[in-house]
Amino acid sequence: MATQSSRTAARLMVAPSVILLFIWMIVPLSLTAWFSFRIYRLLSPERNGWAGIQNYKWFFNSPDFWLAISNTLLLVGGVLAITIILGVLIALLIDQPVWGQGPLRILVISPFFVMPPVAASIWENLFMHPQNGMLASAAIGLGMKPILFLESYPMASVIFIVSWEWLPFATLILLTALQSMSSEQLEAAEMDGAGAFSRFWYIVLPHMKRAITVVILIQTIFLLGIFGEIFTTTQGGPGSASTTLPYMIYKQAVIAKDIGRAAAGGIIAIILANIVAYFLMRSMGKNLDA
């Protein structure tokens, strides 16, 4: 057992890194909170002063803000649904003993290592381009009119691209969980007459519940900040059809040059992320403790 002196020594050794990490986090957050209550426009620096809650009121009174919130939640929910469902299916598929299993697994997880703007650019120009894309060529070959994916279905297109990027991550985590399961349970259930679906539903899926929870928690944290894919493909359009909260903050900071409003949007995004994380941990934390 650790003595009081050893615990004190351990705290003293850890203290410098904790203090440094605290400063690393609190200084940018404090500055963001400070600027969110001020008038700070780069195009008119002479106009400055205390704005109070006006920057926040501008966001809540803007129709684009509520559309951005709904698009952000739609993006998170859509990507989670696609990556978890397909991740489970692909994990079950590549867990089977087949020739070339090693290279196959490497190919499956390789999209995760492609940078988001590069992946989005590949899908935009190689597949979804209305004139030169492979999907347009296939549609023309079948005598159909090419679909303008990014113009007609901008949010669905972004969700599909982001899902393609994150599917390898979900597959890798779920495959690891699947391989940790004892085969004796499945063999016993099969000998008792349980079908393939029953074995999956009552044995495999409950075993993967903790891994699914981890995938949901980690992906949600990153998906709330998705920006590069939207910037590369739709630029938040047409209009504001694919604008999410991070992209709306970007437009205020870089395009409108209004740092005060952008800072207010950043604080709102932090609060939203913490609310989502709180409810996720409350609802799914019990799966991690099981």
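For clarity, every value in this text was computed on a predicted model and none was experimentally measured.
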### Task
Start with the C-alpha gap between I216 and I212, add the side-chain angles, then the distance that decides, and say whether side chain to side chain contact (heavy atoms under 4.5 Å, CB included) holds.
CA-CA 6 Å; I216 292 175; I212 292 174; 4.0 Å; yes
### Query
Out of curiosity, S30 OG to M25 CE, how far, rounded to the nearest 0.5 Å?
10.5 Å
### Query
Any side-chain heavy atom of M181 sitting closer than 4.5 Å to one from I203?
yes
### Query
Residues in side chain to side chain donor-acceptor pair (under 3.5 Å) with T220, at least two apart?
none
### Query
Can you check whether L172's main-chain N or O pairs, donor with acceptor, with T176's side chain at less than 3.5 Å?
yes
### Query
When rounded to the nearest 0.5 angstrom, what distance separates CZ in F160 from CE in M128?
6.0 Å
#### Entry: Backbone of E229 reached by a side-chain donor or acceptor of T232 within 3.5 Å
no
### Task
Could you list the residues that satisfy side chain to side chain donor-acceptor pair (under 3.5 Å) with S198, not counting sequence neighbours?
none
### Task
Identify the heavy atoms of N71 and T243 that sit nearest to each other, and give their distance.
ND2-O, 3.0 Å
### Task
Under the side chain to side chain contact (heavy atoms under 4.5 Å, CB included) rule, collect the residues that match up with L167, sequence neighbours excluded.
T83, L86, I90, T171
### Task
Evaluate the side-chain proximity of N55 to F37: yes if any heavy-atom separation is below 4.5 Å, no if none is.
no
## Note on the structure
Y250 meets the ring pair (Phe, Tyr, Trp, His ring centres under 6.0 Å) criterion, sequence neighbours left out, with F227, F231, Y247
### Task
Test T32 against S36 for side chain to side chain contact (heavy atoms under 4.5 Å, CB included), laying out the working first.
CA-CA 6 Å; T32 302; S36 70; 5.6 Å; no
### Message
Hydrophobic clusters here meaning ILVMFWY residues chained together by side-chain heavy-atom distances under 4.5 Å, can you tell me if F127 and W166 are in one?
### Response
no
### Task
Report the distance from atom CG of L142 to atom OG of S137, rounding to the nearest 0.5 Å.
11.0 Å
### Task
Determine, step by step, whether E124 and I161 satisfy the side chain to side chain contact (heavy atoms under 4.5 Å, CB included) criterion, reporting the C-alpha distance in whole Å, the side-chain angles of both residues, the deciding distance to 0.1 Å, and the verdict.
CA-CA 9 Å; E124 179 186 16; I161 293 172; 5.8 Å; no
### Message
Checking F35 now: which residues fulfil ring pair (Phe, Tyr, Trp, His ring centres under 6.0 Å) with it, not counting sequence neighbours?
### Response
Y40
### Query
Quick one: salt bridge (charged side-chain N to carboxylate O under 4.0 Å, His left out) pairs with a partner in residues 144-161, sequence neighbours left out?
none
### Message
Within the structure provided, determine whether L29 and I267 are in side-chain contact (heavy-atom separation under 4.5 Å).
### Response
yes
### Message
How close do I84 and L174 get, counting heavy atoms only, and between which atoms?
### Response
O-CD1, 4.1 Å
### Validation row: L42, I259 side chains within 4.5 angstrom (heavy atoms)
yes
### Query
If only atom types and distance count, is the side chain of N48 paired as donor or acceptor with the main-chain N or O of R38 below 3.5 Å?
no
### Message
Strictly distance-based, threshold 3.5 Å: is any side-chain N or O of W66 a donor or acceptor partner for the main-chain N or O of F60?
### Response
yes
#### Entry: Residues which pass side chain to side chain contact (heavy atoms under 4.5 Å, CB included) with A269, listed by chain and number, not counting sequence neighbours
L245, I249
### Query
CD/Q235 to NZ/K251 distance, rounded to the nearest 0.5 angstrom?
10.5 Å
## Note on the structure
Between P206 and F200 the two heavy atoms that sit nearest each other are CD-O, 4.2 Å
### Transitive ILVMFWY side-chain link F279 to L74, under 4.5 Å
yes
### Query
Does Y153 OH have over 12 foreign heavy atoms under 6.0 Å away?
no
### Task
Not counting sequence neighbours, which residues clear side chain to side chain contact (heavy atoms under 4.5 Å, CB included) with W24? List them please.
none
### Query
Taking atom CZ of R199 and atom CG of L205, what is their separation to the nearest 0.5 Å?
14.5 Å
### Query
Do V254 and F65 belong together in a cluster built from hydrophobic side chains that touch within less than 4.5 Å?
yes
### Task
Please tell me if the side chains of P246 and I226 come closer than 4.5 Å, counting only heavy atoms from C-beta onward.
no
### Query
Are the aromatic ring centres of W123 and F149 under 6.0 angstrom apart?
no
### Message
Which heavy atom of A262 sits nearest to which heavy atom of A253, and what is that distance?
### Response
CB-CB, 3.5 Å
### Query
What is the minimum heavy-atom distance between T234 and S242, and which atoms define it?
OG1-OG, 2.7 Å
#### Entry: Minimum heavy-atom distance P154-G237, with the two atoms named
CB-O, 3.4 Å
### Message
Using side-chain heavy atoms (C-beta onward) and a distance below 4.5 Å, is M248 in contact with S240?
### Response
no
### Query
According to a 4.5 Å side-chain heavy-atom criterion applied to Ile, Leu, Val, Met, Phe, Trp and Tyr, with indirect links allowed, do F197 and M208 form part of one hydrophobic cluster?
yes
### Task
Can you tell me which residue pairs pass the salt bridge (charged side-chain N to carboxylate O under 4.0 Å, His left out) test with a partner in residues 260-277, sequence neighbours excluded?
D258-R261
### pair I147-L135: side-chain heavy atoms closer than 4.5 Å
no
### Task
Apply side chain to side chain contact (heavy atoms under 4.5 Å, CB included) to the pair M155 and T244, showing each step before the final yes or no.
CA-CA 10 Å; M155 205 61 219; T244 58; 4.1 Å; yes
### Query
Any chain of hydrophobic side-chain contacts (each under 4.5 Å) joining I94 to L178?
yes
### Task
Determine whether more than 12 heavy atoms belonging to other residues, nucleotides or ligands lie under 6.0 Å from atom CG of L126.
yes
### Summary
residues 62-84 vs salt bridge (charged side-chain N to carboxylate O under 4.0 Å, His left out), sequence neighbours excluded, gives none
### Task
Examine distances only and state if a side-chain atom of D95 and a backbone atom of Q179 form a donor-acceptor pair shorter than 3.5 Å.
no
### Message
Can you tell me how far apart CD1 (I275) and CD1 (I270) are? Round to the nearest 0.5 Å.
### Response
12.0 Å
### Query
With sequence neighbours left out, what residues match I173 under side chain to side chain contact (heavy atoms under 4.5 Å, CB included)?
F169, A211, V215
### Task
May I ask you to decide if L107's main-chain N or O and S110's side chain share a donor-acceptor pair within less than 3.5 Å?
yes
### Message
Under the rule for side chain to side chain donor-acceptor pair (under 3.5 Å), what residues qualify as partners of S17, not counting sequence neighbours?
### Response
none
### Query
Does atom CE of M134 have more than 12 heavy-atom neighbours, drawn from other residues, nucleotides or ligands, at distances under 6.0 Å?
no
### Query
Does the S121 side chain pair with the main chain of P117, one donor and one acceptor, at a distance under 3.5 Å?
no
